[in-house]
Amino acid sequence: MISTFLTLLAVSLDVFSFGVSLGAQKRTVSPASAVYFTMLSCCIFGLPFLLSARVYAIVSRVVCVLINGGVLLGLGAVYLFGYIFKSLSKSLKFGQNSSLVPPFQNLQVFTHKSPKTATAPLKTLSACAIPVNLDAFFTALLSGYGLGAPILVLSLNFTITLSALILGNRISLFFSQKKAPDMGGLSGVIFICLGILKLLEI
């Protein structure tokens, strides 16, 4: 029972990081949206979990780790370069519209008030459900058959995943609103770090 709980807690770290990344972008995950994302996550975890006893013998662990780490790195690159491109676009637009641009204007992020939060759209949650839960998918695929009774495991997975998403999002929102610097690029850094850590398991 303890090993099952620790395994599910470990695979929920990516979901926790996803909640943190949304908070860094000033996006709030509503309770209904959190339940929706958690249900998607449980489906991604549940299918390989139920089939794990049959497919364990034909799936290479190294291949799983490479796919998992590669997707996390790709997701991080998309977030990070998107943030950089958005920041550069804003800077260029400001420069074109003003003839009195003071030096070190980019330091405005340290003095302006934090922008208002927005609710994370369902399309964003849907698009990120698979890459965020790849670790859970492969864990269920390779060792799900030894975790325990399906009803108990799936119930624990739902509870832990939901808690990780909401907790990560709320903690990130709290600190991002308390600090003035713009942390929009944090999400990309988080996913890149997760990808590197995953690849180091090979």
Nearest-0.5 Å distance that lies between atom [atom1] in [X] and atom [atom2] in [Y]:
X	Y	atom1	atom2	result
Leu80	Ile192	CG	CD1	5.0 Å
Leu162	Ser41	CG	OG	9.5 Å
Leu8	Leu13	CG	CG	11.5 Å
Thr124	Gln25	OG1	CD	8.0 Å
Thr159	Phe5	OG1	CZ	10.0 Å
Asn169	Arg27	CG	CZ	11.0 Å

Would [X] end up clustered with [Y] when hydrophobic side chains under 4.5 Å apart are linked, directly or stepwise?
X	Y	value
Ile160	Val153	yes
Val15	Leu125	yes
Phe158	Leu9	no
Leu122	Leu22	yes

Check your understanding: For Asp14 and Asn133, what are the C-alpha separation, side-chain angles and deciding distance, and is it a side-chain contact (heavy atoms from CB on, under 4.5 Å)?
Key -> CA-CA 7 Å; Asp14 287 352; Asn133 286 285; over 6 Å; no

Practice item. Please tell me if the side chains of Thr28 and Leu173 come closer than 4.5 Å, counting only heavy atoms from C-beta onward. Key: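 Result yes, sub-4.5 Å side-chain heavy-atom pair found.
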
Practice item. Sequence neighbours left out, what passes side-chain contact (heavy atoms from CB on, under 4.5 Å) with Leu154? Give chain and number order. Key: Phe45, Phe49

Review point. Excluding sequence neighbours, so at least two apart, what forms side-chain contact (heavy atoms from CB on, under 4.5 Å) with Leu47?
Key: Leu51

Exercise for review: Please assess Phe137 against Ile130 for the test side-chain contact (heavy atoms from CB on, under 4.5 Å), listing each intermediate value before the final yes or no.
Suggested key: CA-CA 9 Å; Phe137 177 89; Ile130 292 179; over 6 Å; no

**Study point:** Ser172 side chain to Ala24 backbone, donor-acceptor under 3.5 Å
**Key:** yes

Donor-acceptor pairs under 3.5 Å, side chain of residues 32-40 to any protein atom, not counting sequence neighbours: which ones?
residue	atom	partner	partner atom	Å
Ser33	OG	Ser30	OG	2.9
Tyr36	OH	Ser126	OG	2.6
Thr38	OG1	Ala34	O	2.7

